[in-house]
Each structure stands twice: as C-alpha cells, then as structure tokens.
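Have a look at the structure below, then the notes.
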2 protein chains.
Amino acid sequence: MADGPTINTIAERAGVSIASVSRVLNGLPTRQETVRKVMAAADELGYVRNAVARSLKSRRTHQVAFAMADVGNPAYLAMLRQIQPVLKAAGYRLVLHSTDAVVADEIDVLHSLGERYVDGLIMSPLRVTEAHLEMLAAARAPVVIIGSVPDGTRVDNVRADSRTGVRLAVDHLYALGRRRIAMVNGPLDTVPGASRGEAYREALRDLGVPYDENLVQIGDFYRAEGGRAVAELLARVPDVDALLCANDLIALGALDVLRAAGRRVPDDVAVVGMDDTDLAAASWPALTSVSLGSAERGKAAAELLLERLQGGDREPRLVTVPPRLVIRASTAGESAESADERERA
Amino acid sequence: MADGPTINTIAERAGVSIASVSRVLNGLPTRQETVRKVMAAADELGYVRNAVARSLKSRRTHQVAFAMADVGNPAYLAMLRQIQPVLKAAGYRLVLHSTDAVVADEIDVLHSLGERYVDGLIMSPLRVTEAHLEMLAAARAPVVIIGSVPDGTRVDNVRADSRTGVRLAVDHLYALGRRRIAMVNGPLDTVPGASRGEAYREALRDLGVPYDENLVQIGDFYRAEGGRAVAELLARVPDVDALLCANDLIALGALDVLRAAGRRVPDDVAVVGMDDTDLAAASWPALTSVSLGSAERGKAAAELLLERLQGGDREPRLVTVPPRLVIRASTAGESAESADERERA
DNA sequence: TTGTATGCGTTATCAG
DNA sequence: CTGATAACGCATACAA
C-alpha cells in the first residue's frame, strides 16, 4: 500500500510539467505527443486522481447526504431505494445518516453541512423544531426536506398527504358497509401519530359517523405493541368491524390477534395498514394499506436536490405526493384466495 | 449562501496568525487570552471547519463505503442496519454503493478506492472474478469482503456457511418425517444458487435419501417466479411433502401457490425459506427460514474494518458466521396458531 | 502548446 | 507561546 502516484509523479516520468499532466487528464487541447507520454506514464503508474484534492479545488464533492430517523424502518428504506439510483445516475455518491430519532443528531447533521463534505442534503426529520428552522435558514448547502415544514420556510419540500390517505382508508371501509371503524394508532406526540389521529376524526365527521373515543386505541408503531393494543380494543369493543392501523407493523400485529381470537379477516373485521411496505404484500391475508408514497417522495426529493445543485437559484418548491389506497385481501369483499391471485399477477 | 469563514477570516478578526487559530481549534497548548479571542471570533463568524481541506492534509476522510448488489434486497439491508451504527459510533460516515449486480460496477467501486474519498470499503460482491482479485491485491485502502474469496486471498473476509445452513433445513424436514423434500432454487450460475443446490444434494446423500432430480426446480429469486416454479414442481411431483426454497421470496411464492392448490402448510407440505428476512415473520403461516446471519455478517465486517483502520497491519482474518434455523409455523408440527403465538412473544 | 506560480483550507514544522 | 511558511494534490491564470 505504498503512497499512490500524483500528477507530480506522472510529470517526472513523462518529462513534462504538472500543468500539462492536468490538461491531458482533463481533456484540454494538448499536443498529441504530450498526450501520449502522459497517458503512458499514468497507465504504467496506475494513476487514480485524488478526489479530495479535486474537491478542495473545485468546491464540489459530488456527494449528497440522506438523513433519516432509522435505517431499520422500511418506509425510509423505500425512499432510499429511489434516491440512490437518481443520485448515482447524476454522478453523486450517497452518504447515509441515521439519526436514531434523536433531534440533537438531526441538528448535528444540519450543522455538519458547513463542513462541506457534501454538496447537498435530503433530510426526513422526525419533527421540525425551531432549531431545525434556524439551521435551515443558515444552511451552507442546498437542503430538501421530506416532511412538512411551516409555510414560508425557504426550503425545497416534499410532503405526503396523510390526511387524504386516512380519508381514503376510512371511506373505503365505510363503502364496504363497516360502521364500527376503530383506529389503532401510535403515540400522539409523534408527527405521524398526531396527524393520522386527527385525520381519522375528520374523515368520520365528514361521513356523518359519530366519533366514539372507545374506538381509538393508542399503542406503539411495532407489531407486538400493535397486537396488544388490538387485544385491548377487542375486549372493550367486541363489535368492532374494521381496524385502521397507523402503520403496517401495527396491522400485522392486528392480524395475529384477530386470528388468535377466531375473528375472520375481512369477513368479521377488515384491516387496513399504512405505508404500504413490503410486509403488506407478504402477509396473509395480504394487507390493504395506504401508500403515502415513500418511494415517490424519495424520488422527488432527489430530483429537486439535483435541480438545485445543477440549476442554481430559484424559488423553493413544494411537492405533495398523493396517497394511494392499495386494496388487498384484508378488506376485499371477494374471497381471500382470488384476491391473492390478483395481487401476485 | 455566502462563502463560509475560514481560519484566515478568524485570524484577521482575532488579530492573530492562522497558526494560532489552528492550534486553538485543535486544543493545543495556547495562552488563555489567545484562546478567548479566537473562540470569540469563531463563534461570531459561525465557523465550521472544512472537512475536505482537513482530509487533504490528514489523508483520512473518516468515510467508509459499503458496496452491495442491490439496495432493494432485504438481506443487504439487514447488513446495512448493523454496519451503520458501528461506523457511526467510531466517527465514520457511511457511503453507499449499489452495484445493481453488475460486475463492472463492482470493479469500478474497487477502482475508485484509489480516489481516496473513503478510508476503507466493505463489499459484498455478487461473485468473485479474477478481475476482483487483481483489484483487491492492488487496493490502496483496506477492504473487507462479505462472501467467500479463494483461500489465500489476502483480504479480511466474512462468510456465511450456506452448506451447513442447507443441511440444518434438510435435517429438520427429515426429522419431521418428510421424505419427498424438494429444492426450489434460483439460477445455478449465481453464487448462492450454485452453493445451495450443491449443499442440498450433499445433505440428502448424508441422510441416505436418494437424489431425485425431479425434485429440483430452478426458477428465480423472486416471489412470482418462485410461485411459478412451485406450480411446475407440483404438477410433476404431486407427492412432494416438503419444499426447501433458496430464499424467502421464493418461499412466499410457494405459500401462494400451495394455498391456491388447496395444500395445507405445513400439514401437507412443509416450507422452508432462506435468509430469514423480515418477510419470513410477516407471512402467514409464518415461515421457517434459515438465517445465514446477514446481520451478524454486517456487524463483523464493520468491526474488522475498524480494527484494520485503527490497528494497522496484521494478517488477514476470516470470520465465518454460523447459520441458524428459525423454526416457525410453516414447518412446525404444532398448530399454526400456537406457533404464531410463540413467534410474537 | 507548454511551464511557472498561485490558491483551495488545514495542519505542522521551524524559527523567533 | 507565536508567527511565517511549507506541504497535501490538483486546477488554472498568466507568461513564455
């Protein structure tokens, strides 16, 4: 692992100046003979340009960071899957940050933008605090936020529409004739928990269905917790005929418990998840789920950032990704088997 | 987004030399008064050190790359989940590469190591060609390979033991009394396809079960393809009583088709997957799967690389991660319901 | 066309 | 303890 060759090494070997070497390496007009000598020397030495020195000079790193709360969360991974190829195609490397849902870590990432080790940042914050907004205003590189920021914040922004998403689910269940539609939510002090809970209430109101707080059960965004929440709910409200779960994991827990309790899905109880992760299609019965467009949001964010990196200044943009209800066997009127057939096709 | 302040800016403002600024910023012994002035100036200016310049000087980027075939593959994501926190804790950033299963792209990543934008690399190659080995031998930074390399290759190496893994599965099925154990595999020209297929044959031989090529079906490593393969298999060998699937996706496809065909799982046909991805626990019936230790391999690789980065020279190391059979309802003798209960606990 | 010299922002050596 | 100054590897304005 000896020290690698530099343009100096090449210059010596080829008997030319480093300026000529640089010119040849960058394809600038040069005499054929010089080109030949330089290329030969570079080849023999196994020269590879030093990206760091290049960045220092050019002030561009060709790196972009993606900061998310948790590498383990399938919704973020869906974003990652879309972001990666877009950046790669444009010649950017992707630097990954997992902030472990710690706000201080997010601020840290924003701060580290000043270190200039990346040209831009895509961030999906757990919540948006005052500190976030201050850092954003002072950011020394372009940032795209996935998630809602206050109106007027001067940042490119990609959001989901969870309000409409919840409405799609509730309307669907209502259309199937369900009238005892429960919501199994995560903690209300999280952004998704709060907004989805509120949207549920609104959707019911618009349908003229009275709000019954007995039908709301708070747990956490994991399978086992979701299962426990559903068990409690069933004990309290035995006549529930539909469950709107705040994410797919909760919904899987719901399926577990319903099965154990001998309730048929969807005949006795229909179940809807949210996020439409891979798990939804894998479960049995396959899970109807509200896609909040994780993948689309990731793609849009990457594209916005690239435009900003290449295009220069323009007004901040807001992209809202519409939700989509993906109907599968857990709510379908038809038999589970045929629904599954369709899904696989 | 004006140009950020540098140590020069600070030096002017504080009325000292850039050398003093650097010393203060790095905590080297300095007079109190100087420290105060520099810190004050730095604070007012909102100074953040430039990581690129630092790297150029120190020859360390504090970045590590992870190159995998496909960001979409849950097995790689399991590695990623373990690698990320280990690197983060050690102060390294993670640069992600997805090579899209293109060998040329992998070589490219290896080549780009010479650009020195990272201090080291963890790579999980699809296959290991001569070109790989040449590049590895000439690599200008430490590399850890996840996956088997030829004996004698001077690289830190973390491997799974798919041979034993397959054996665990076959023995398990045999112990359950199954004698018509089929293998649903992916393409044989892939590394996993080849090794798993071979291991299946060996495991049967050691059990004294005659090898029946009718029981081997080749498809691809995806759900729909797996389903199709199983359908063909069922048509050809109706009396099959167990399926060993080369990954979890194939196994999910198998469950689909078996259900559609009215075969009960596990009563009529037992099903085993491989990789033990999240999907295995999500499916119904929950899928027995052979964990090849994706998570453990990722963790081990990250630790090996860190040791190498911090520790300096030592002989290349080989870590082999043992497989583990995770028994769930798709093979369990007990009722599916009770097995599911246990799984959730 | 080519070479010399300078700067990108830091760190580190060496006199003072 | 502090200040000039020389690298780190590359790109480029300017002079030859």
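In what follows, every chain begins at residue 1, and chains take the letters A, B, ... in the order their sequences are listed. Keep in mind the model is a prediction, meaning the values are calculated, not measured.
Atom CD1 of A:Ile10 and atom C1' of D:dG9 are 11 Å apart (whole Å). Between the CZ atom of B:Arg116 and the P atom of D:dC10 there is a distance of 11 Å, given to the nearest Å. Taking atom CG of B:Leu28 as the reference point, atom C1' of D:dT2 lies 13 Å away to the nearest angstrom. Spacing between atom CG of A:Leu25 and atom P of D:dT12 amounts to 12 Å, rounded to whole angstrom units.
With no hydrogens or angles considered, no side-chain donor-acceptor pair links A:Tyr76 and A:Arg81 at under 3.5 Å. A donor-acceptor pair shorter than 3.5 Å can be found between the side chains of B:Thr61 and B:Asp119.
Rounded to 10 degrees, the angle separating the terminal axes of the helix from C:dT1-D:dA16 to C:dG16-D:dC1 is 50°, with each axis obtained from five end pairs.
Applying the ring pair (Phe, Tyr, Trp, His ring centres under 6.0 Å) definition to pairs two or more places apart or across chains, none involves residues 109-158 of chain B.
The minimum heavy-atom distance between B:Pro5 and A:Arg140, with the atom names listed, is CD-NH2, 3.7 Å.
Evaluation of the side-chain contact (heavy atoms from CB on, under 4.5 Å) rule for A:Ala65 yields A:Val95, A:His97, A:Val118, A:Leu121 as partners, not counting sequence neighbours. Scored by the side-chain contact (heavy atoms from CB on, under 4.5 Å) test, B:Pro150 finds B:Val128, B:Leu133, B:Thr153 as partners (sequence neighbours excluded).
In this structure, CG on B:Leu304 lies 12.0 Å from CD1 on B:Ile145, to the nearest 0.5 angstrom.
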Contact letters for nucleotides 1-10 of chain C, in which S counts primed atoms plus P, OP1 and OP2 and B counts the base, heavy atoms under 4.0 Å: SBBB--BBBB
For residues 15-27 of chain A, dump all side-chain donor-acceptor pairs below 3.5 Å to protein atoms at least two apart in sequence or in another chain.
residue, atom, partner, partner atom, Å
A:Ser17, OG, A:Ala19, N, 3.3
A:Ser17, OG, A:Ser20, N, 3.3
A:Ser22, OG, A:Asn26, ND2, 3.3
A:Asn26, OD1, A:Arg54, NH2, 3.3
A:Asn26, ND2, A:Ser22, O, 2.8

